Amino acid sequence: MTDAHAELTKRHRAVLPEWLSLYYDEPIDVVRGEGRHVWDAEGNRYLDFFGGILTTMTAHALPEVTAAVSEQAGRILHTSTLYLNRPMIELAERVAELSGVEDPRVFFTTSGTEANDTALLLATGYRGSNQVLALRNSYHGRSFSALAVTGNRGWLPTSLSPLRTAYVHATRRRGAPFAGLPDEQFADACVADLEDVLDQLQSNVACLIAEPVQGVGGFATPPDGLLGRFKEVLDRHGVLWISDEVQTGWGRTGEHFWGWQAHGARGAPDIVTFAKGIGNGLSIGGVVARAEIMNSLSANSISTFGGSPVTAAGALANLDYLLAHDLPGNAARTGAVLRAQLDTALGRIPVVADVRGKGLMIGVELARPDGAPAPELAAFVLEETRRNGLLVGKGGLDGNVLRIAPPMSLTEPEAREGAGILLDALEKAGRR
């Protein structure tokens with residue numbers, strides 16, 4: 001480790017929590033970004049295939065976003081929701097129009113965690129119940145209520161909960177009871193499981209919260225249409241559906257603007273949450289809900305920082321750029337190139353147990369020869385790709401899934417370059 005990075009690592013560990021983990025044996029200080037690349041404090045250049053945890057959606061240092069933030073900051077930084085806020089209203093209008101939610105109302109927060117916390121508040125208050133459903137292997141944030149609907153032990157520091165949560169099957173994950181079933185039979189089994197769980201609970205269940213593609217869960221994905229079938233069951237019981245689009249939103253999957261639309265033939269969600277990519281690094285999240293639900297709060301509520309003039313102006317510029325340059329379409333095209341390259345590892349590199357995902361949201365699951373999860377190999381690949389100029393993420397229930405999610409402006413040559421570096425690292429992992 002260089003002296004600069006070593007010294008900063010020492011200072012980090014002296015003052016920040018031990019559980020605030022750092023990537024890499026020799027952590028790096030990322031100081032500059034441009035397009036799909038970032039540079040560390042020592043001048044090393046990396047192709048970014050993780051985007052600050054799926055947050056740099058369009059590009060690093062996008063001039064349109066930088067200009068919008070600078071212009072707004074030169075006028076006023078902050079007012080709060082107690083005053084009219086033109087950038088927030090304009091952004092809310094755009095989000096409402098794009099949401100697919102009936103009679104939508106929008107509330108802005110500062111993060112995806114806070115957005116999901118708000119959605120749970122709305123749903124439980126509206127239904128008068130603290131009973132909720134969530135998916136196994138799920139993650140929805142780090143607040144007390146968001147952890148209460150987390151079905152992934154690696155991100156669950158407490159069993160205490162303000163909610164009564166029941167977990168249902170929905171994603172195929174190696175080692176799970178339904179894992180070997182074909183999609184149609186798997187979906188049937190998951191619907192039957194949902195019916196059975198609802199039958200065991202008291203009648204008044206508030207909501208189901210579900211990620212259309214499980215982010216921290218290693219990009220585990222339910223079969224298309226399954227959540228739509230869930231919606232039919234939920235509607236019969238009066239249960240609300242919250243679609244957590246913090247990672248899947250804004251066209252990252254390539255095939256739809258929202259992840260729920262792969263399941264949407266039977267109706268849109270009652271509540272949609274979003275964050276990360278919309279701000280391109282600015283701290284913003286939000287909730288879209290039917291007016292009847294959003295307006296149901298019986299007490300005062302405001303947001304000091306949610307929808308601030310600066311973040312709203314930057315997010316609006318970012319969204320405009322995404323739409324004007326058809327980045328969802330680009331995610332489909334370059335994602336297909338990247339996926340085709342990575343699929344060549346299946347059957348050729350023994351440690352690669354699965355390649356999955358949609359668009360620019362791809363997971364590579366690693367396992368040992370006996371089929372057991374191989375988190376140590378995922379850690380090895382993470383280190384090896386960094387040494388060769390590529391940043392990727394990792395996740396999954398056992399920390400054995402590589403997470404690949406570049407900015408959605410990724411070019412085809414960059415997709416091939418990154419895939420080559422990753423495949424080389426996987427081959428080295430296989431030889432270990």
Side-chain angles (χ1 to χ4, degrees), residues 30-39 46-74 77-78 85 87-88 90-95 97-99 106 108-115 141 215 244-254 257-259 272-288 305-331 334-335 359-361 391-393 403-411 414:
V30 177
V31 297
R32 183 168 72 88
E34 182 179 338
R36 275 72 53 196
H37 291 86
V38 296
W39 287 258
Y46 306 93
L47 181 58
D48 185 4
F49 267 28
F50 201 37
I53 319 177
L54 290 85
T55 300
T56 303
M57 177 171 71
T58 50
H60 289 282
L62 188 70
E64 289 83 351
V65 172
T66 302
V69 168
S70 178
E71 183 180 347
Q72 180 59 50
L77 285 171
H78 175 72
N85 176 343
M88 180 176 70
E90 291 177 349
L91 180 60
E93 289 170 339
R94 295 297 299 280
V95 171
E97 179 184 0
L98 293 164
S99 70
V106 182
F108 291 110
T109 66
T110 59
S111 69
T113 291
E114 191 188 350
D244 177 348
E245 301 277 352
V246 169
Q247 298 196 28
T248 51
W250 320 110
R252 176 163 286 280
T253 65
F257 198 73
W258 302 101
V272 171
T273 62
F274 60 86
K276 288 190 181 287
I278 180 65
N280 208 47
L282 296 166
S283 183
I284 186 170
V287 182
V288 189
F305 296 108
S308 80
V310 171
T311 55
L316 185 58
N318 191 47
L319 183 56
D320 285 345
Y321 184 91
L322 174 104
L323 296 171
H325 293 82
D326 187 25
L327 294 194
N330 189 65
T334 56
L360 288 175
M361 196 173 186
L391 305 184
V392 299
R403 299 172 66 198
I404 298 124
M408 290 166 58
S409 57
L410 184 76
T411 67
E414 290 167 343

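Here the structure is a predicted model, which is why all the values come from computation and not from measurement.
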Is there side-chain contact between [X] and [Y], with heavy atoms separated by less than 4.5 Å?
X      : Y      : answer
Leu319 : Leu322 : yes
Leu91  : Ile284 : yes
Phe49  : Leu410 : yes
Lys276 : Met57  : no
Pro328 : Asn330 : no

Report task. Answer yes if the side chains of Ser111 and Glu114 hold a donor-acceptor pair under 3.5 Å, and no otherwise. Result -> no
Query raised in the report: Using 30° and 60° as the class limits, which term best fits the ring planes of His37 and Trp39: parallel, tilted or perpendicular?
Result: tilted
Query raised in the report: Taking the six-membered ring for Trp, are Trp258 and Trp250 parallel (under 30°), tilted (30 to 60°) or perpendicular (over 60°)?
Result: tilted
Side chain of [X], backbone of [Y]: donor and acceptor closer than 3.5 Å?
X      : Y      : result
Asn280 : Ala59  : yes
Arg403 : Gly215 : yes
Ser409 : Thr58  : yes
Glu34  : Ala61  : no
Thr56  : Pro407 : no
Arg36  : Asp48  : no

On a heavy-atom basis, which atom in [X] and which in [Y] lie closest, and how many Å separate them?
X      : Y      : answer
Gln247 : Arg252 : O-CD, 3.6 Å
Ala405 : Leu54  : CB-CG, 3.4 Å
Leu282 : Ala315 : CD1-N, 4.1 Å
Ala115 : Gly286 : CB-O, 3.3 Å
Pro87  : Gln72  : CG-OE1, 3.7 Å

Query raised in the report: Counting heavy atoms not belonging to Leu98, are there more than 12 under 6.0 Å from its CG?
Result: yes
Requested in this report: Determine whether more than 12 heavy atoms belonging to other residues, nucleotides or ligands lie under 6.0 Å from atom CD of Glu90.
Outcome: yes
